[in-house]
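Here is the structure we will look at.
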Amino acid sequence: HAMQAHGVPRGTLDVDVLLSEADATLLADVLVAERGWAPLRWDGAANCYVRAHGPTPHEIPSSSGELPWMLPLAVGSAVVELLAARGGRLDSALAESVWIRHRGIVVPVAPLGAVLAMKAEAAREKDDAAISQAFEALPRAALSKALRWVERWDPAAADDLRARAEEVALRHPRPMG
């Protein structure tokens, strides 16, 4: 929902929540034990989440080593991924979260640059699609600000995202003015 909160029109049932490592673990334990949320684990063979016996951290492959581990949970038909920040840009994303009204509720949301960087590093098909949708839908000023945020932490990732933005612009030109 972070992309939606930043103005990207996209349908998704999953919610990513970025927390400190200690808070992610504590929240998962409380939601499972006291609220009946179902812990999940990734089944690589089936390429989907399956029920687990307890909150099970899932390591996210990362070239930078900064992508968080996550604790996936199910509530109804939605999947909530509690992402545990591990320093660097993710701690900065937590500290620089902005308060945005999303679906009638004011919630803290990581800066757009942090969201784009995490999606780019995850390199899943759904994340690549979300990046393209952001480049198609958002004002250039918002995208420029987001790319400056990424550049602070990873100039190469910012260059890669700029190249992707240019590809999208060629496929989906915007009217002038």
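Along the sequence shown, residues carry numbers from 1.
- In terms of hydrophobic clustering, with Ile, Leu, Val, Met, Phe, Trp and Tyr side chains grouped at heavy-atom distances under 4.5 Å, Val8 and Val168 are assigned to a common cluster.
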- List the steps, then state whether side chain to side chain contact (heavy atoms under 4.5 Å, CB included) holds for Arg171 with Phe135. CA-CA 11 Å; Arg171 287 193 315 268; Phe135 291 149; over 6 Å; no
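- The shortest distance between side-chain heavy atoms of His6 and Val109 falls below 4.5 Å.
- Taking Leu147 as the reference, Leu161, Arg162 meet the side chain to side chain contact (heavy atoms under 4.5 Å, CB included) condition, with sequence neighbours excluded.
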Go through the steps for Leu112 and Trp149 under the test side chain to side chain contact (heavy atoms under 4.5 Å, CB included), then give the verdict.
CA-CA 8 Å; Leu112 178 60; Trp149 193 97; over 6 Å; no
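- Screening residues 90-100 for salt bridge (Lys or Arg N to Asp or Glu O under 4.0 Å), with sequence neighbours left out, gives Glu96-Arg152.
- Rounded to the nearest 0.5 Å, atoms CZ (Arg41) and SG (Cys48) are 9.5 Å apart.
- Shortest non-hydrogen contact noted between Lys119 and Ala130 is CD-CB, 3.8 Å.
- Both Met118 and Leu94 belong to a single network of hydrophobic side chains, linked directly or stepwise wherever heavy atoms of I, L, V, M, F, W or Y lie under 4.5 Å apart.
- Nearest heavy-atom pair across Leu143 and Ala134 is CD2-O, 3.9 Å.
- Linking ILVMFWY side-chain heavy atoms closer than 4.5 Å, directly or via other members, places Val15 and Leu27 in a single hydrophobic cluster.
- Distance CG/Leu40 to OH/Tyr49: 7.5 Å, rounded to 0.5 Å.
- Residues Leu90 and Leu18 come closest through the heavy atom pair O-CD2, 4.0 Å.
- Closest approach of Ala158 and Val150 over heavy atoms only: N-CG1, 3.6 Å.
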Could you check Asp128 against Arg164 for salt bridge (charged side-chain N to carboxylate O under 4.0 Å, His left out), going step by step and ending with a plain yes or no?
-> CA-CA 10 Å; Asp128 290 340; Arg164 291 169 75 173; 2.9 Å; yes
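- The two atoms that bring Ile100 and Ala5 nearest to each other are CG2-O, 3.4 Å, heavy atoms only.
- Atom CG of residue Asp154 and atom CD of residue Glu121 lie 7.5 Å apart, to the nearest 0.5 angstrom.
- For CZ of Arg35, the number of neighbouring non-hydrogen atoms (other residues, nucleotides, ligands) closer than 6.0 Å is 12 at most.
- A distance of 10.5 Å separates CG in Leu71 from CG in Leu31, rounded to the nearest 0.5 Å.
- Residues Leu82 and Leu73 form a side-chain contact, since some pair of their non-hydrogen atoms from C-beta on lies under 4.5 Å apart.
- Shortest non-hydrogen contact noted between Pro111 and Ala93 is CD-O, 3.5 Å.
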- Query: Can you list the steps and then say if Leu83 with Val17 is a side chain to side chain contact (heavy atoms under 4.5 Å, CB included)?
  - Reply: CA-CA 6 Å; Leu83 305 171; Val17 180; over 6 Å; no
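- Between the side chain of Ser92 and the main chain of Gly88, no donor-acceptor pair closer than 3.5 Å is present.
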Go through the steps to decide whether Glu167 and Leu170 satisfy the test side chain to side chain contact (heavy atoms under 4.5 Å, CB included), and finish with yes or no. CA-CA 5 Å; Glu167 290 172 13; Leu170 290 173; 5.7 Å; no
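- Distance check, rounded to the nearest 0.5 Å: CG of Asp160 to CG of Leu116 gives 11.5 Å.
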